[in-house]
Amino acid sequence: MSRVPAALVVAAIVVAALAIASRTLDPHAIDLSARLAGPDARHLLGTDHLGRDLLARLSIGAGRTVIVLAIVLAACVSAGIAIGLAAAIATGATEMFLLRLMQTAAALPRLVIALAVTSFTGLGLLSAGLAIALTGWARYALVAHGLAREVMGREHWRAAVALGAHPFRAGIRHILPVIIRPMRAFAGADGARIVVTFSSLAFLGLGADTGNPDWGAMIWEYRLFLFDAPRLPLAPLVAIVGVALALQLLFEPPKDSRPAVQSSSPGHLER
Amino acid sequence: MSNSILRQWIARAGGPAILVIAILLALLLIRAMPGDPVDVRLAATGGADNQTRAELRQQLGLNDGPLQQLFRWITGLMRGDLGRSLASDRPIAREIAARLPWSIAIGGGGLAFGVAGGFILALLAAPRGGAARLTSRAAAILGQATPAFGLGLLMIWLFGVQLQWIRPFTGGLTERLALPLLVIALIVCGPISRVALAAFDDARAAPWFTAARAKGLSENATLFRHAGKHAFLASLAGLTPELAWVIGGSAVTEVVFSVPGLGGWVVESIGARDYVALQAYLALAICWVAASHAGVNLARKWLDPRPRPLQ
Amino acid sequence: MTPRLISRRALAVAALLMLAPVAQAAERLTIGLTFLTASLDPAEGSAGWALVSHGVGEKLFTVGREGRVVGQLAQSAQQMDDGSWRVTLRPSRSFSDGTPVTAQAVAEALQRTTERNVGARTTAGRLSFEPIDPLTLKIASERPTTIMPSVLSEWAYVVYKLVNNKPVFTGAWAISDFRPGERLELTPNTHFGGERQPITIRRFTDSQSMTLALRSGELDMAFNLPPESLGMLRAAPNLTIKTFAVAYQYLAWLNTRRGPLADVRVRQAIAAAIDRDGIATALGAGEPTVSAFSREYPFSLEAPAPKADATQAAKLLDDAGWVRGADGVRAKNGERLALTLWAYPQRADLVTMQPILRAQLQAIGIAIETRIAENANDLARRADFDILLWAQHTAPAADPAFFLNLFLASAGANNYAGWSSPAFDAVVDRLNRVADEKTRIDLARNAQTIAMSEAAAVFLLTPAWHVGLSQRLRDYEPWGSDYAIVRPDLSARR
């Protein structure tokens, strides 16, 4: 880990600590006599146009972002590995079919599909997470499939199958441990995109809940204060970019490994 | 038995078949949305009695089952009729025709400028170290970490309000397109520059590069003349994931800049439960991804006639 | 070509893009709105309403600045013994193509509208129009009505004439170009009289973009600015912000069908706890009210809006058996007093009000969950809410019967609160049959008092909206809500 991401992680921890500290303030408490107040000892980042504590609201958004990220990743990784592995092991027409399905799903516009889904399920944590995962899993499946194929070309796999192991059981024993690590790297890099997608969903705000200030929704709500009180829209924007950046840097491939250009490799399937 | 026949069929027809399945699934998903377009339609008029609502439902053909409505839409589609918008009552084809040029200009133009910008950035960075390389890397990382709406908002603030160089909302065509295009291009150019830069680095490490240099060519000229095509091919490959992203990315951008393109329209259509509009939009988006992928592949084949392993 | 040269050329192209000509037509006025007519045909949807608002269409009658129905293209109306009406047109009015407005032309257009547009049949059913002489029309209605001028001032009955299947109107401006969802170009109607500038109406998908456009000097008028923008806009040079009362009312529907709100005491407690002044402060404008109608109407309720009374609210809740628990939330028989509070994003003010009401109700021991409904009409109809914030023009045709019948009467199609009161229904029933204006005012007020006492709909605020004007338009006075944004007296300063 180089110094830049380490610093970012430290910064993130500091912000999180501050946020937890500010949890004692009610993020919903209105104070019309202290509207747009600047930062002070009580309100570390000041208040918004209704006198609500900005940091307390940011901290709620932080928690929600992390949970959505976790849901998307959990759904994508598990579905991606299951379907990708199944395709590789099944071979033949089934593999071809699943492969086409993954490619189609990977090509669907993720944000628009998620927008349509959350507009009627509401922008809850689970619904937003699953809506993003609805198209997101395919990339993971393609990666898992590619990796599994690679393993299946190796000696120990052929030996295991030749010895009569059931392909699925052999898959779990021999392929899964090998692909877990690269999948984790891919998921980490994809995390930045997930954070940005979720913020876009909240920014457009279909089905959003005002009681739960997501960072994207806060930017929408505060964007006119770019003139009077720029900290209001800039704080959540910095938070989004900061988290996405930290995820990017933490999971960035080492300098010497260049992004692959082959059409089925993970590097090619960014976003 | 026919596993191999089936496999062949899927290989040949599977793409389009799954495309059709994807469209159908998307359409059914849209139909599952609760909410009544009649209410949305009548909302602007201050409310209406039950008789009025019933008549409007009849008029819009909403009394039939969802599958029936879908079938009617698909048969219409085959005749080239996209149906009429439930929200505005205008033919969808006309709605799309009015908005498509904006979206193509912003999405397509943004991609084109992004590829050009990324390629140039890589070309500038390739022979140097330090700042140029860092810029390319920073652009790539920031491009993935910055939401398009945030970038757009900052640009409106800077160029429209503070500097007043440009009228992003009411200006002429160039003025209105400049900032949205820039947003898309800036976000796209990062990943492209990284892919292209990697290709340039590849080339520099190759023996033929040293050979070319030995003939007395400068490093810049060698890079551009001999490695340019290789890097451009890599940029095209790097473009593929952006082809799907640009649909969502330009939609958010259109909303921020109040551009009357397809993206803003689809956000409104979702709110208005305008199934007919959404069906057409999704079909169009899926076709765009399929067609643009095919286009990029064709361009790569044309530029690089070397045979490639299948898939 | 060297890379350096390429990059220089790219920079030149970029520079050209950035510095595109910023020339501006001297005369043309640009107006920003968040809505634009979907069509130019008044027989389609609510196009008639939008066309009048855009300064293009006129009706036979309209609602004047004082909130009364006045003749526009018509001079007078009279009811005959058989219940039908005679309407006399003003002489010497003409369409924007120069042809005169005749009874024949009016009858043809309005007959087409009433047949095709279901929205035109809301109050009196289908109308039939018959020209009697060049300036007189006979009008009959499917359901009898004592207020035909009011019906004819509804948004659907815009007067037009189809020329080559394109509608031609009578208003002060005529349409020169129309890009749906984007903009409407208007040229002065030379047959209207008086001098005016051409206008571009630009539509914005949201009011914040519109605000930014106004701030960057792109607009001469921006209509209905969000309250959050006022501080920034007032500080900007060359802009004038005007605030004017509108005939919309902001109210809260309390769902009487289910849960704690079925108990009238809980509803009354909520009504008592609401601090209307606080809402007005947060919105930057607006007049606290308990009436169903804006004060500009003669039939508005004259009672002053009460101050918030938390003690009274607490007492009502105690009486109803809801006792405060350790967490500050009231409970009864183990059930917490938790309610959902909905608003919809199309009216940004309501969303701003949500957190304030939430705080006010939490103070008296009610746990509130705030939600946003993309489609408020659908939510209201499904009655899947506890409290629903609502904005409604309650007297679009300057008559109280429309709102009271449709929204509060037991059988009303939009009785969102699910409230039923025989006393209220009886009063409204009489209102529907009486023609005398004085009696109608008394009945309307009587009905409002009954509704207020049971707190099914809690009226909160007669809002005031904010309009931003450039130097050229700084003398323009907005009135008439969003039903008359571009009026004939809209003109740039010399």
Side-chain angles (χ1 to χ4, degrees), chain B residues 34-36 39-53 55-56 59 87-90 94-95 98-99 116-117 120 123-124 156-157 159-161 164-172 174-175 178 181-182 220-221 223-224 255-258 260 264-265 267-268 270-273, chain C residues 1-4 6-7 10 14 16-23 30 32 35 38-39 44-46 49-50 118-119 121-122 155-156 179-183 200 202-206 209-210 212-213 215-219 345-346 374-378 380-382 392-393 396 402 406-407 413-414:
Chain B
D36 191 339
D39 283 321
V40 183
R41 178 95 168 257
L42 290 173
T45 66
D49 57 20
N50 286 327
Q51 190 196 343
T52 310
R53 294 167 43 75
E55 283 181 37
L56 189 56
Q59 202 177 316
S88 72
D89 203 25
R90 283 163 45 84
R94 247 162 64 195
E95 298 266 9
R99 289 171 168 87
I120 291 168
L123 192 57
L124 290 176
I156 293 172
W157 176 69
F159 295 118
V161 179
Q164 304 224 343
W165 285 3
I166 211 166
R167 292 174 299 158
F169 295 108
T170 61
T174 1
E175 276 179 90
L181 252 162
L182 201 59
N220 281 353
L223 269 179
F224 186 70
V255 170
V256 171
F257 287 94
S258 233
W265 181 61
V267 172
E268 278 169 50
I270 290 171
R273 298 292 181 265
Chain C
M1 230 187 335
T2 66
R4 209 171 271 281
I6 298 174
S7 70
L16 272 179
L17 265 178
M18 302 304 292
L19 299 174
V22 188
T30 309
F35 63 91
S39 143
E44 285 179 19
S46 57
W49 171 77
V118 288
R121 309 199 281 266
T122 312
W155 52 268
R179 304 281 165 87
E182 191 202 344
R183 64 170 199 267
T200 299
R202 266 278 292 131
R203 187 243 179 186
F204 290 84
T205 39
D206 71 289
S209 305
M210 184 173 74
L212 291 170
R215 178 62 180 75
S216 61
E218 298 179 47
L219 300 177
Q346 289 82 1
E374 213 49 54
N375 184 348
N377 285 65
D378 181 58
R381 203 167 297 286
R382 283 187 287 119
Q392 181 73 40
H393 194 313
F402 161 80
L406 202 58
F407 287 84
N414 297 350

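Residue numbering restarts at 1 for every chain, and letters A, B, ... go by the order of the sequence lines. The analysis underlying the following values was restricted to heavy atoms, covering all of them including side chains, and did not include hydrogens, waters or symmetry mates.
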- Message: Restricting to non-hydrogen atoms, name the atom on C:Arg202 and the atom on B:Ser258 that form the minimum distance, rounded to 0.1 Å.
- Response: NH2-O, 3.7 Å
- Task: Heavy-atom pairs under 4.5 Å with chain B are the metric here; pick the option from C:His393, C:Arg183, C:Met210, C:Arg215 that has the most.
- Result: C:Arg215
- Tell me, side chain or backbone of C:Ser209 under 4.5 Å from chain B's heavy atoms, or both, or neither? both
- Nearest-0.5 Å distance, OG1 of residue C:Thr30 to CZ of residue B:Phe169: 14.0 Å
- Under 4.5 Å from any heavy atom of chain C - which part of B:Val267: neither
- Item | Most contacts with chain B, counted as non-hydrogen pairs under 4.5 angstrom, among C:Ser39, C:Ala380, C:Ser216 | C:Ser216
- Query: Tell me, side chain or backbone of B:Arg94 under 4.5 Å from chain C's heavy atoms, or both, or neither?
  - Reply: neither
- Hey, are C:Arg179 and B:Glu95 close enough for a salt bridge, meaning a charged N less than 4.0 Å from a carboxylate O? no
